[in-house]
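In the text below, chain A, chain B and the rest are named by the order of the sequence lines, each starting its count at 1. The analysis underlying the following values was restricted to heavy atoms, covering all of them including side chains, and did not include hydrogens, waters or symmetry mates.
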Amino acid sequence: MSKTSNGNFFEDFRVGQEFRHATPRTLTEADAALNVALYGSRFAVNSSDEFARAIGLPRAPLDDLLVFHVVIGKTVPDISLNAVANLGYAEFRWGVPVYPGDTLSAKSTVLGLRENSNKTSGVVWVRSTGVNQKGEMVLDYVRWVMVHKRDPQAPVQPVVVPKTAPSVKPEDLVVPAGLSIAGYDDGAAGSSHRWEDYAPGERIDHVSGMTVEDSDHMFSTRLYQNTARVHFDAYAGKQTRFGRRLAYGGHVISLMRALSFNGLANGFRVAAFNAGSHVGPTFGGDTIYAWSEVLESAPLPGRADVGALRIRSIATKDCPCGDWPGKGADGKYHPAVVLDLDYWVLMPRRLG
Amino acid sequence: MSKTSNGNFFEDFRVGQEFRHATPRTLTEADAALNVALYGSRFAVNSSDEFARAIGLPRAPLDDLLVFHVVIGKTVPDISLNAVANLGYAEFRWGVPVYPGDTLSAKSTVLGLRENSNKTSGVVWVRSTGVNQKGEMVLDYVRWVMVHKRDPQAPVQPVVVPKTAPSVKPEDLVVPAGLSIAGYDDGAAGSSHRWEDYAPGERIDHVSGMTVEDSDHMFSTRLYQNTARVHFDAYAGKQTRFGRRLAYGGHVISLMRALSFNGLANGFRVAAFNAGSHVGPTFGGDTIYAWSEVLESAPLPGRADVGALRIRSIATKDCPCGDWPGKGADGKYHPAVVLDLDYWVLMPRRLG
Amino acid sequence: MSKTSNGNFFEDFRVGQEFRHATPRTLTEADAALNVALYGSRFAVNSSDEFARAIGLPRAPLDDLLVFHVVIGKTVPDISLNAVANLGYAEFRWGVPVYPGDTLSAKSTVLGLRENSNKTSGVVWVRSTGVNQKGEMVLDYVRWVMVHKRDPQAPVQPVVVPKTAPSVKPEDLVVPAGLSIAGYDDGAAGSSHRWEDYAPGERIDHVSGMTVEDSDHMFSTRLYQNTARVHFDAYAGKQTRFGRRLAYGGHVISLMRALSFNGLANGFRVAAFNAGSHVGPTFGGDTIYAWSEVLESAPLPGRADVGALRIRSIATKDCPCGDWPGKGADGKYHPAVVLDLDYWVLMPRRLG
């Protein structure tokens, strides 16, 4: 028996199969600092222990997207080492905040399988859950990914396509326990715009661009212990359809989020993804820009102090977003678009 | 009202105007390690908790220049997002040491304004102050910066040019409370040369060079939450007069300081900048070298154990410093010079 | 007397000479995170405090190779600043584990000297020892390195060539105090293969490749406060025989170790190097691959729960290792080989 894992191929998966992923990781203050160094994030709640304490949290929680990167990274060796492409996310919800010192681990269950007609690959749906050392859920989501077959002739399992919710309901969003908005300091946070100030249909150009170097996206992807080969191997990359390494899609999500500070500075917590698509590849040397549209504004049950904004953010490469490059009436994306993400953020409300 | 900030332009400033800058930041052990990783700094007091405790400090303080980077980074969105160039520093003085766990925030007051004759920009003088979570001053300085006008036709404020001191007086330098040089270990610090061994006029070639990659200077500048666009956006950089991204000037200052260890290893604290000029731009791929001249040697009032050395350090790019490239008799700099900094360091004295 | 150190040259060394190296360093959680970010290491014991506690350790120890990098980095200014090449390692043994908060320092003794026949350089043997703040040994090894002469005409010391052991004996390997394998979790560690499953002669292809960027190897080498100029100075690098910067050899060792997780995931501790050779240079842009062969399997005296595997790992550049590129019958290496390392790892045994 070979001691080297080459990951699972499409024909290896079974509906109901469970994976307990390897390498639990204790996150620390270093992960917080590196998240800033990699993306330039400026959300005050993740930057300042004092700010976090003033709103009832024990200290600055780690960036929500960092939690995503760590959890998804753990699933790669079992789920997506042989992925063709990451196709989508649904029912993607953050749970308890993660603090320095917490140890995260992850597990997944296969929900669905559908071979592609060319028989060289198939789509695998999994539900993955990240938990902390107390077993509390920190992140839970459905992801579907196209995975190569090892052998096109291999028999496959019957088709099962799971139903996923089109979006996360506001009442299912997790508000961190103990959160108390009375102490929220707009000046320190960098914006006086609160939940009431955003209306569906409003568009925000986040203005600045951030160039991705190969060294940067490899650094982050290694930090998350994500082993997807396409990101690390320039030699093998020459043989791919792109002819080069591909930046980890999550790196682009975090850059988009950091850029979105300019216009959404009080969106202090990413609470859920409703849907997301990595529309195009990002490579070293590309400069990422972003713009957002407010899709929906929702109060949260039992909370007069925090509301939810459903945001759609589009990230582009080498294309400033003053003209709102997005998806045309023909369903086709502007060629510069690399990410289209529909998500919920929590934002303080004006207090009575 | 747009929720996106494009920063202030020259005509937006008023003398006496105050800014409380956004995004307080809790610094941690990670910032200490990253400061080493980014510059290769080897000053023992910042590297070893044991060394720091032996001289009466609670633990290793964070690098003085790191404090500068964090404070100046916070001021960028309000003061210098639309800067043409950073022109100078004065009355630049460090206060209480900063330790892991401290949270820094910053505020600024506009001291002066002077429109340029071409009316497309003007000079803004600000006093900026960084404080820790107890409100104690960690850094205080005057900076002047040339800022674009949004509209050349816009009316501007009357000219006010503040007077700044030509240098910081030795008696105004802050010696960390509790400092006790008796436990200072020259062997661990890497040099047997103490304050008495340096004489005005002495020149020191720091020998080694350090190449700056684009990934490196972007990494540090993001870490300091500095949003100046010229450092991050290769796409927009193509349209600038340089045709590319520009390294953050503070990155060069920290490289110079790290290189200066070879010759100034016992200059354990940067206590003040008297004057400083970013003489030329630095780009990814440039290799930084440095040399220093001792300008002045000053005892400190009431301290027989620590003295101050006033140093002028010149940093160059792609030019080793054995021939002391600097400013000629004609007032022109050698073309390789990128930084000319006049500053005070504290150094242990020989004990009686 | 110049205050700038240019390092020692061959004629400066004396057998018996002792060096206490400068700049003690307190290692922190940040060093742990950066080790992951730089190499993508996934060994659970270094990644998770929970995992480490379950096997009787107080928390996750820092990566063994990180300890090596820090200790060897400290020796560079005194021993190998003027090195031509690093020639070999022997009697290379880790001691007590290193935890965040520990402060490491290093000292060396010259064991041997032999001038080369061309009189431009010579070989220096040193024994170097790293200790923590309690004076406990964390790493102890013999290294020999070829060092330039300042002056080919300079007289040199008599030839002394020390005898070094051909390998470290299993009974001399240090098992961390308190280690208790009963709580070792194969699932979290990522492999069900234990000590009994590996037999001498077995070969393992570690499959994946990792590309080294100049920014990456400079970042790690600065983090270890290693001042060897060949790694940092692209300008001077143009004048060398390689025409460019050279990656720190230890960076390649750590990449090899991280890649070896795929096949050796339960080799939770590097306990000793028996011999090692940096066969060829690595540059920015090279992609590192690795394969291993089990040389020997040894029980450890008094331990039924942990065994030692003697591994030989070969790292290559731009050459996947499915065909086991190594050393031919003629004693010549495959041109892609950059590292040949013979070392001991500790691995859990099956419990009765």
Side-chain angles (χ1 to χ4, degrees), chain A residues 28-34 36-44 46-52 59-60 100 185-193 197-198 202 204-216 219 258 261-266 284-289 291 317-320, chain B residues 1-7 19-35 37-38 70 73-74 77-78 81 100-105 107 132-134 213-229 231-238 244-245 284:
Chain A
T28 67
E29 292 173 344
D31 295 284
L34 288 171
V36 175
L38 287 164
Y39 309 114
S41 181
R42 291 184 285 147
F43 293 94
N46 306 123
S47 179
S48 168
D49 285 343
E50 305 290 328
F51 186 94
R59 64 183 299 189
D185 178 344
D186 285 359
S191 171
S192 59
H193 301 291
D197 300 320
Y198 293 83
E202 178 175 356
I204 301 165
D205 176 13
H206 302 305
V207 183
S208 296
M210 178 67 70
T211 303
V212 178
E213 298 291 331
D214 277 322
S215 178
D216 301 337
F219 193 96
F261 177 87
N262 194 354
L264 290 167
N266 283 335
D286 289 346
T287 300
I288 301 298
Y289 296 84
W291 66 274
K317 61 181 186 185
D318 295 347
C319 178
Chain B
M1 177 183 176
S2 168
K3 296 191 176 68
T4 300
S5 168
N6 281 292
F19 295 94
R20 188 179 154 232
H21 307 297
T23 314
R25 173 114 194 276
T26 304
L27 296 171
T28 67
E29 292 172 345
D31 294 283
L34 288 171
N35 193 70
L38 286 164
V70 170
K74 308 237 150 300
D78 298 315
L81 199 62
D102 284 351
T103 300
L104 301 192
S105 55
K107 58 185 177 176
N132 66 16
Q133 69 282 1
K134 299 176 204 160
E213 298 291 330
D214 277 322
S215 179
D216 301 336
H217 72 74
M218 293 200 302
F219 192 97
S220 66
T221 314
R222 284 188 303 249
L223 178 64
Y224 313 132
Q225 299 175 310
N226 182 326
T227 59
R229 294 173 200 165
H231 308 315
F232 300 119
D233 186 333
Y235 181 79
K238 285 180 202 151
R244 54 196 301 201
R245 279 166 290 176

### Message
Checking the side chain of A:S47 only, and the main-chain atoms of B:P24 only, is there a donor and an acceptor separated by less than 3.5 Å?
### Response
yes

#### Entry: Residue B:R229 versus chain A: region with a heavy atom under 4.5 Å
side chain

### Part of A:S41 within contact of chain B (heavy atom distance under 4.5 Å)
backbone

### Task
Start with the C-alpha distance between A:D197 and B:K3, add both sets of side-chain angles, then the distance that settles side chain to side chain contact (heavy atoms under 4.5 Å, CB included), and finish with yes or no.
CA-CA 9 Å; A:D197 300 320; B:K3 296 191 176 68; 3.9 Å; yes

### Summary
Taking every heavy atom of A:R42 against every heavy atom of B:P77, the minimum-distance pair comes out as NH1-CG, 3.8 Å

### Query
Which residues satisfy the ring-ring contact (aromatic ring centres under 6.0 Å, His included) test with A:F261, sequence neighbours excluded?
A:F43

#### Entry: Contact winner vs chain B - A:D31, A:D286, A:D216, A:L264, heavy-atom pairs under 4.5 Å
A:D216

### Query
Which answer fits B:N6, side chain, backbone, both or neither, if we ask what part of it has an atom under 4.5 Å from a heavy atom of chain A?
side chain

### Query
If you look at every heavy atom in B:F232 and A:G209, which pair is closest and at what distance?
CB-O, 3.8 Å

## Note on the structure
Closest non-hydrogen contact found for B:A22 with A:G190 is CB-CA, 3.4 Å

#### Entry: Proximity breakdown for A:A189 and chain B, heavy-atom pairs closer than 4.5 Å
backbone

#### Entry: A:S215 side chain vs B:S215 backbone, donor-acceptor pair below 3.5 Å
no

### Query
Looking at A:I288, A:L38, A:I204, A:V212, which one has more heavy-atom pairs under 4.5 Å with chain B than the rest?
A:L38

### Query
If you round to the nearest 0.5 Å, how far is CG of A:N46 from CZ of B:R25?
11.5 Å

### Task
Report the option among A:A188, A:A32, A:A33 that has the most heavy-atom pairs separated by less than 4.5 Å from atoms of chain B.
A:A188

### Message
To the closest 0.5 Å, what do you measure between OG1 (A:T211) and CE (B:M218)?
### Response
5.5 Å

### Query
Considering only heavy atoms, which portion of A:Y39 lies under 4.5 Å from any heavy atom of chain B: side chain, backbone, both, or neither?
backbone

### Task
Under the side chain to side chain contact (heavy atoms under 4.5 Å, CB included) rule, what do A:D185 and B:R20 come out as? Steps first, then yes or no, please.
CA-CA 12 Å; A:D185 178 344; B:R20 188 179 154 232; 2.5 Å; yes

### Query
What's the shortest heavy-atom distance between A:Y289 and B:D233, and which atoms?
OH-OD2, 2.6 Å

### Any donor-acceptor N/O pair, A:N262 side chain to B:S5 backbone, under 3.5 Å
yes

### Query
Relative to chain A, which of B:Q133, B:E29, B:K74, B:H21 shows the most heavy atom pairs under 4.5 Å?
B:Q133

### Query
Should B:R222 and A:M210 be marked as a side chain to side chain contact (heavy atoms under 4.5 Å, CB included) after you check the CA-CA gap, both sets of side-chain angles, and the distance that decides it?
CA-CA 10 Å; B:R222 284 188 303 249; A:M210 178 67 70; 3.5 Å; yes

### Message
To the nearest 0.5 Å, what is the distance between CZ on A:F51 and OG1 on B:T23?
### Response
8.5 Å

### Query
Which bit of A:S48 is near chain B, if near means a heavy-atom gap under 4.5 Å: side chain, backbone, both or neither?
both

## Note on the structure
Cut-off 4.5 Å, heavy atoms of chain A, and the answer for B:T227 is side chain

### Query
Quick one: does B:T4's side chain have a donor or acceptor within less than 3.5 Å of a partner on A:D205's backbone?
yes

### Message
So B:F219 and A:L34, do their side chains get closer than 4.5 Å, heavy atoms only?
### Response
yes

### Message
Using 0.5 Å steps for rounding, measure from the CG atom of B:D214 to the CG atom of A:D214.
### Response
12.0 Å

### Query
What part of B:P100 lies closer than 4.5 angstrom to a heavy atom of chain A: side chain, backbone, both or neither?
neither

#### Entry: Contact class of B:T28 relative to chain A, heavy atoms under 4.5 angstrom
both

